[in-house]
Amino acid sequence: MTALPRFTEYAARRIAKGRGNDRRDGLPPGPSAPPGLQMVGFLYRPIPFLRACRDRFGEPLTIRIPGIGAIVQFANPEAVKEVFRDSGDAMHAGKANEVLEPFLGRHSVLVLDGERHRGQRRLLIPPFRGDRMRAYGAAMGEITRARITHWPLDQTFRMQTETQAITLDVILRTVFGMDVGEAEDRMRHKLVEATRILDNPLYLIRAFQRDLGPRSPWGRFLRLREEAFVELSALFEERRREKELGGVERHDILSMLLDATYEDGSPMADEEIHHELLTMLVAGHETTATALSWVTHRLTRHPLVLRRVQRELDEAFPDGDVDPDRVQELEYLDAVIKETLRMHPVIPGVGRVIMEPTRIGGVDLPVGVMAGCSIYLAHFNPASWPEPERFDPARFLNGRPSPYTYFPFGGGIRRCIGEAFALYEMKVVLATILMRLVPVAAPGYRVGTMRRNITLTPTDGLPVRFRRRLARRTART
Ligand code: HEM
């Protein structure tokens with residue numbers, strides 16, 4: 001074990017053993033370990049850290065992080081409801097996400113609050129409405145088929161690398177509206193390199209976001225981002241010219257944003273579109289890729305579930321070809337995805353900074369404190385989810401769960417804009433893979449959870465193998 005994992009293990013254990021804070025500030029109990037140590041636990045070992053805190057202090061609990069201060073973590077449905085019902089005036093999510101501003105830019109919907117947030121969200125929501133998904137399904141299927149053709153059968157490879165390649169191409173094609181070609185290749189290389197730098201959670205901390213020249217990681221990231229923006233501006237010009245000439249009608253999200261106008265009739269500035277496209281890339285690419293990896297992991301561990309998914313696919317697509325227009329009918333696959341997101345929420349929690357003194361879950365929260373809704377702890381709350389450690393997709397077959405006990409996409413006025421897109425993409429990608437191939441656990445692999453930037457991913461990128469499906473006559477990879 002290298003020094004960092006050893007230290008993070010120590011931090012998580014040390015916190016569980018801690019005396020508990022003295023509650024002089026009237027906030028719920030929490031670890032007394034120094035904030036720097038709590039930060040290491042929270043960043044590098046979030047699951048053991050959260051579990052240790054919950055077991056020791058109950059819920060709600062308070063953790064303290066340097067530069068952020070107190071974060072009161074709630075997980076019971078009543079408190080979560082109070083947070084999600086806020087209109088955005090008493091609690092600011094943009095302020096809670098401000099650490100992302102240097103990555104995404106000051107216009108990103110994720111870091112805005114109040115009227116500016118409402119205005120920006122109004123423009124971003126229409127392209128992501130459920131009924132628009134059909135426009136993106138064919139590209140999602142095509143990209144997946146092209147990728148799996150190169151997978152070596154019966155040999156171990158990292159699933160996360162593959163799912164990221166698929167979801168990045170989906171974003172480039174359907175959100176950025178890029179055609180296959182040199183410009184798309186250049187953009188892909190820049191984005192892959194830039195997001196790789198951001199994999200290290202240290203860059204979530206302001207002190208490490210320093211431009212120390214083009215060779216330093218953060219300096220390199222900033223330069224790659226600028227180069228990507230230059231490429232995007234050229235793309236915007238091309239699209240505007242195309243439109244003037246009355247060219248092909250495009251259905252990608254960029255085209256809709258170029259046409260969108262604020263309530264006063266003004267269009268979005270290029271800089272605003274740059275920042276929103278980058279936001280969708282960061283918020284939508286690794287998250288969906290990670291969720292796909294977690295579903296694959298679960299399918300390798302639950303053969304009966306895998307068989308039932310395969311049966312459902314065979315019945316829906318007897319000729320072996322996945323019709324993206326019909327993936328919404330796959331109820332069992334939908335339940336498998338949802339149960340996976342319950343047990344492996346890709347983002348462990350959401351935060352809101354308190355702007356006016358507020359009472360949540362019976363706790364008085366002063367201005368400046370952060371209220372966190374812990375997705376992870378809520379999804380493992382035995383009062384909401386009996387036997388929470390058991391993987392059981394059937395929980396999701398009858399009706400919708402409450403948005404306050406199950407919220408992998410957050411909630412209220414900040415609920416994820418890309419939820420319908422991500423769930424649809426996951427169904428198209430998984431159906432396309434599972435019609436042809438069978439996932440098998442890599443020999444000797446024991447899964448753990450680690451943080452990559454904002455997401456919680458399987459350790460080692462989820463080593464996995466695939467076998468060709470034998471039973472079907474349509475094994476066309
Ligand atoms: C499995 C995949 C995904 C997960 C688990 C996920 C999860 C989340 C979560 C937890 C939030 C914060 C919500 C809150 O604060 O209450 C969020 C916000 C957001 N997500 Fe996603 N997301 C996913 C995919 C996507 C995709 C595909 C896109 C777009 C292409 C996207 C775009 C956004 C945006 C723009 C926001 C900010 C909304 C706002 O602040 O108003 N996400 N997402």
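Along the sequence shown, residues are numbered consecutively beginning with 1. For ligands, and for the atoms within them, numbers begin at 1 and follow the listed sequence.
The backbone and the side chain of V109 each have at least one atom closer than 4.0 Å to an atom of ligand 1 (non-hydrogen atoms only). Residue F407 does not touch ligand 1, judged by heavy-atom distances below 4.0 Å. Residue contacts with ligand 1 for P408 involve N, CA, C or O but no side-chain atom from C-beta outward (heavy atoms, distance under 4.0 Å).
Distances below 4.0 Å separate heavy atoms of G411 from the following atoms of ligand 1: 16 (O). Of all the atoms in ligand 1, the ones that sit under 4.0 Å from a non-hydrogen atom of L110 are 37 (C), 40 (O). Ligand 1 places these atoms under 4.0 Å from at least one heavy atom of F128: 29 (C), 30 (C). Ligand-side atoms of ligand 1 in range of F421: 27 (C), range being under 4.0 angstrom from any heavy atom.
The only option from F128, Y424, F421 that meets the ring pair (Phe, Tyr, Trp, His ring centres under 6.0 Å) definition with Y136 turns out to be F421.
A salt bridge links E242 with R250: the closest approach of a Lys/Arg side-chain nitrogen to an acidic carboxylate oxygen falls below 4.0 angstrom. With respect to E339 and R298, no salt bridge is recorded, no charged nitrogen being found less than 4.0 Å from a carboxylate O.
For R451 and F42, the positive end sits near the middle of the six-membered ring, less than 6.0 Å away and at most 45° from its axis. Annotation: cation-pi pair R308/Y332 present, NZ/CZ under 6.0 Å from the ring centroid and within 45° of its normal.
In this structure F380 satisfies the ring-ring contact (aromatic ring centres under 6.0 Å, His included) test together with Y376, sequence neighbours excluded.
The nearest non-hydrogen atom to atom 38 (C) of ligand 1, considering only R121, H285, H344, comes from R121. Here atom 13 (C) of ligand 1 lies nearest to R414 when heavy atoms of Q120, H117, R414 are compared.
Ring planes of F466 and F157: parallel class, angle under 30° (limits at 30 and 60°).
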Checklist entry - Does the pair S384 and T405 meet the rule for a side-chain hydrogen bond (donor to acceptor under 3.5 Å, both in side chains), with working shown? => result CA-CA 6 Å; S384 314; T405 59; 5.1 Å; no
Next on the checklist: Set out, in order, the CA-CA distance, both residues' side-chain angles and the distance that settles side chain to side chain contact (heavy atoms under 4.5 Å, CB included) for L313 and L434, then state yes or no.
Outcome noted: CA-CA 8 Å; L313 287 170; L434 297 170; 3.7 Å; yes
Checklist entry - Given the rule in the ring-ring contact (aromatic ring centres under 6.0 Å, His included) test, do F396 and W385 qualify, once you have shown the distances and angles that lead to the verdict? => result CA-CA 11 Å; F396 288 92; W385 302 101; 5.5 Å; yes
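Atom CZ of R158 is surrounded by 12 or fewer heavy atoms from other residues, nucleotides or ligands within 6.0 Å.
At a cut-off of 2.8 Å, measuring from atom 21 (Fe) of ligand 1, the protein N, O or S atoms that fall short of it are C416 SG, waters left aside.
From the protein, the heavy atom lying nearest to atom 12 (C) of ligand 1 is V350 CG1, 3.8 Å. Among protein heavy atoms, the minimum distance from atom 16 (O) of ligand 1 is reached at R352 NH2, 2.8 Å.
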